[in-house]
Amino acid sequence: MAAPKAAAGQEIGRFDYVIVGAGSAGCVLANRLSADAGTRVLLLEAGGKDNYIWIHIPIGYLYTQNNPRTDWCFKTEAEERLGGRALSYPRGRVLGGSSSINGMIYMRGQARDYDGWRQLGNRGWGWEEVLPYFKKSEDHFAGADAFHGAGGEWRVEPMRLSWEILDAFRAAAAEAGIPATEDFNRGDNEGCGYFEVNQKRGVRWNTAKAFLKPVKERANLLVLTGAEASRIRFEGKRATGVAFSYKGAEAYAAAEGEVILAAGAIGSPQLLELSGVGPASLLRELGIPLLHALPGVGENLQDHLQIRTVYKVGNTKTLNESANSLWGRAFMALQYALLKRGPLTMAPSQLGAFARSDPSRETPNLEYHVQPLSLDKFGEPLHPFPAFTASVCNLRPESRGSVRIRSADPKAHPAIRPNYLSALADRRVAADAIRLTRRICAQPALQRFAPEEFRPGLEVKSDEELARAAGEIGTTIFHPVGTCKMGSDGEAVVDERLRVLGLEGLRVADASIMPAITSGNTNAPAIMIAEKGAAMIREERKSGTVRAF
C-alpha cells in the first residue's frame, strides 16, 4: 500500500489488523497476517528505516545502542543494589527493533522454561508445542533435523572468527565440569561452546530483512515508519484502533478486527497504561481515565543482570590491543571489507557456557558470555592491557521490577525499575557465580596465559562482599520481559491466546507476555511468540471464532 498523507486528526484507513511496533515480533506478525490476501494489515513503527550502515555491520551495535536514530535511549531508575546507578536500557527504535541493535545471539532457552509456562496453566506453550514455531522461521546453516528448521526467513550461522583465549576458556570450563557442546538449542543448553548468530555471510540479519523485505510489495500490507502510537481507542471494552503521531500530525487507524501490541516489554505496557488499561491507582494518580483495571500491566519485569568479571592475561592477543592500535583498526576494517571476516563480524559475546551455580540445581541456572576484550563501561575505550571478560548472569532471577508511565504524555519515557538483586536468592547466586568463574579460571588449560582477576578482585571473598561487588560491576544484558504476563492469576494481563483479559479486539504478542524469563537470550523466543500468536489469530479468523470483518 502507498503511505498516506497526514492531516491533523485524520483517519488514514480501516484495517483488519493494526500492529504496533515493527521490531522482532512485529515484523513476523506483519508477514504472517498479510499472507492472507483478503486481510488488510497496518504496521506502525515509531523509528525510521533500517538503512543505517552500522545496523548491518555486526560490530555496529557499538554505534546503534544509545543512538537516538536507532534506540529509544531508555534509562532505568537508580538501582539500590547496583550502587545507586541508573543503567542505559537499549531498545530498538527502527525497523527490525531490537533485532537491529542487539547481540545477534540465537538462543531458545531450555525445554523446562516452556514446560513451566504450561504448568502455570498456559495450555499450548510447552516445549514440544513451541518447538515447531521456532523451526518454522529458522534457516539453520547445518540444515533441518528434529530440532532445527531450514529454508525459513530467520538465518542462523556460526561465528566467523575465533580467539585462542576463548578456546582456552572452553577447555578450562570442561576441566571444571562444564562439558563442551556444539548446539545450545536442542532443549538442554548445558555446556560450553560458541554461540550461533543471526547473520548472513558476515552481515547482521534483522527481522526487517528477514520478514518485511520479502513481502513489502503486498498490496494488503502498509508499513509506516515515524509513526509513534499514543493511545489505543476503544468503544466500550473493544479496541477499535490506534491514535499515533505521523509526519507532524495526529492520525488514527481503525482496526475492524484487532489491535496487536508488539512494542516490547517497555512499549507494550506503556501504551496500555496511556490508554487507561492498567493499575487503577497509577492511572488515577496521573489523571488518566480508567477504562479497565488490570493491576499486572507493567509489573513482573524480569531481566538478566550480567556480572562482568575481568581477567588480565599474557602470552596471547586479545581485542584490546588491536582496537587500541591504528594499524590494528585498519587491518580489521580491511578484513571485513574484503572477506566479511574478522572482529567487525563479532557479536558482543562469542563463547557461551551454561552451568549450575550449585549442584542442587535441576538444570543450568547460569549463562556465561565470554569476550576477548575488557572495558570499564559499555561505550568506553577498551583497556590498554590484554584481557578477557567472563560475564555471568543468573538465568532465573527471583527479583521483579516494573514499567510505569510517569505522565499522560506519550513521549515521556516510563519509569523502569528492574530491582536487580533485590531478592536474597539472587544475591546468593551472584556470589556463587563469581566463585565458579574463579574456579574455571584456575584450571590448567588457562594457566599458560597467567589469568589475573582484575574485576572484582581477589580481595572480595565473603558472600556479602561478592554480592555487593556483583552490583558494582553488573549491568543489564538487555533481556527485559514479563510486563504483560500471560496467565490467569491476579497479575496476568493476557490469556494463553494472548488476548488482553477483560477486553475485546486487543492482543499482546511480544516478549512482555512471558510469565517467566527464558534461560538464555530472549530474541529468538520473541520471534517464536509472534509466530505462534499469528498462527492463533489466523486460525480464529478462518474458523470464524472472532468477529467477521
Side-chain angles (χ1 to χ4, degrees), residues 20-21 23-25 89 91 109-110 112-127 129-130 232 239 259-283 291-304 395-405 414-420 422-423 426 479-503 506-520 522-523 525-530 532-533 536:
V20 179
S24 298
Y89 218 61
R91 297 283 87 198
Q110 298 171 11
R112 77 179 297 279
D113 300 331
Y114 305 99
D115 291 343
W117 293 4
R118 183 173 57 193
Q119 289 163 11
L120 291 172
N122 299 299
R123 294 173 299 175
W125 290 90
W127 170 249
E129 294 153 313
V130 302
I232 306 161
V259 172
I260 306 165
L261 303 188
I266 309 302
S268 288
Q270 178 186 21
L271 188 58
L272 286 172
E273 290 168 350
L274 288 168
S275 306
V277 179
S281 58
L282 172 68
L283 300 182
L291 174 91
H292 181 58
L294 266 182
V297 172
E299 303 303 307
N300 193 47
L301 174 62
Q302 300 161 58
D303 190 13
H304 290 142
L395 289 170
R396 292 187 282 278
E398 294 185 13
S399 302
R400 296 290 182 270
S402 63
V403 174
R404 296 171 185 158
I405 56 173
I416 303 169
R417 297 182 177 89
N419 291 331
Y420 297 116
S422 58
D426 293 352
H479 297 166
V481 306
T483 50
C484 295
K485 174 183 174 181
M486 175 172 59
S488 56
D489 63 8
E491 272 204 343
V493 176
V494 300
D495 67 12
E496 64 200 22
R497 297 190 72 82
L498 309 186
R499 299 171 294 202
V500 176
L501 297 169
L503 298 173
L506 180 61
R507 292 189 213 230
V508 183
D510 57 30
S512 71
I513 67 94
M514 294 187 190
I517 195 167
T518 52
S519 299
T522 53
N523 187 248
I527 290 171
M528 177 277 293
I529 288 166
K532 185 170 171 60
M536 290 190 290

Taking the six-membered ring for Trp, are His479 and His304 parallel (under 30°), tilted (30 to 60°) or perpendicular (over 60°)? perpendicular
Donor + acceptor pair across side chains of Tyr420, Asp426 (<3.5 Å): no
Evaluate the side chain to side chain donor-acceptor pair (under 3.5 Å) criterion for residues Asp510 and Ser268: first the C-alpha distance (whole Å), next the side-chain angles of each, then the deciding distance (0.1 Å), finally the verdict. CA-CA 8 Å; Asp510 57 30; Ser268 288; 2.7 Å; yes
Which heavy atom in Glu129 sits nearest to a heavy atom in Gly124, and how many Å separate them? CB-O, 3.3 Å
Would you say Val481 and Ser512 make side-chain contact, with heavy atoms under 4.5 Å? no
Quick one: pull up CH2 in Trp127 and CD in Gln110 and give me the separation to the nearest 0.5 Å. 10.0 Å
For the pair Arg112 and Asp115, find out whether any cationic side-chain nitrogen is under 4.0 Å from an anionic carboxylate oxygen. no
Residues two or more places apart in sequence or in another chain: which of them pass side chain to side chain donor-acceptor pair (under 3.5 Å) with Thr483? none
Could you check whether any side-chain heavy atom of Trp117 comes within less than 4.5 Å of a side-chain heavy atom of Met514, counting everything from C-beta outward? yes
Taking the side chain as C-beta and beyond, is there a heavy-atom pair between Val403 and Val297 under 4.5 Å? no
Picking from Val259, Val494, Asp495, what satisfies side-chain contact (heavy atoms from CB on, under 4.5 Å) with Val500? Val494
Of the non-hydrogen atoms in Ala530 and Ala25, which two are nearest, and what is the gap between them? CB-O, 3.4 Å
Hey, are the side chains of Arg507 and Arg497 touching, using non-hydrogen atoms and a 4.5 Å cut-off? yes
Arg404 and Glu299: CA distance, side-chain angles, deciding distance, salt bridge (charged side-chain N to carboxylate O under 4.0 Å, His left out) verdict: CA-CA 8 Å; Arg404 296 171 185 158; Glu299 303 303 307; 3.0 Å; yes
Is there side-chain contact between Val508 and Leu261, with at least one heavy-atom pair below 4.5 Å? yes
Taking all atoms of both residues into account, what is the closest heavy-atom pair of Ile260 and Ala509, and its distance? CG2-CB, 4.2 Å
Check: Val20 and Ile232 side chains under 4.5 Å, non-hydrogen atoms: no
Calculate, to the nearest 0.5 Å, the distance between atoms CD1 and CG belonging to Ile513 and Asn300 respectively. 11.0 Å
Value for CG (Leu506) from CG (Leu498), rounded to nearest 0.5 Å, stands at 11.0 Å
Locate the shortest heavy-atom distance separating Ala492 from Ser488; write the atom from each residue and the value. CB-N, 3.6 Å
Give me the atom names and distance for the closest heavy-atom approach of Glu273 to Ile405. OE1-N, 2.9 Å
Under a 3.5 Å cutoff, is there a donor and acceptor pairing between the side chains of Ser399 and Asn419? no
Non-hydrogen side-chain atoms of Pro515 and Trp125 separated by less than 4.5 Å: no
Side chain to side chain donor-acceptor pair (under 3.5 Å) partners for Ser402, two or more places apart: none
Spacing of Ser275 atom OG and Gln270 atom CD [to the nearest 0.5 Å]: 10.0 Å
Can you find a heavy atom in the side chain of Ile416 that is under 4.5 Å from one in the side chain of Leu301? yes
Show the nearest heavy-atom pair for residues Thr518 and Pro525, with the distance to one decimal. OG1-CG, 3.9 Å
Ile517 backbone acceptor or donor facing Gln302 side chain under 3.5 Å: yes
So how far is it from Leu503 CG to Leu291 CG, rounded to the nearest 0.5 Å? 6.0 Å
Quick one: does Glu496's side chain have a donor or acceptor within less than 3.5 Å of a partner on Arg123's backbone? yes
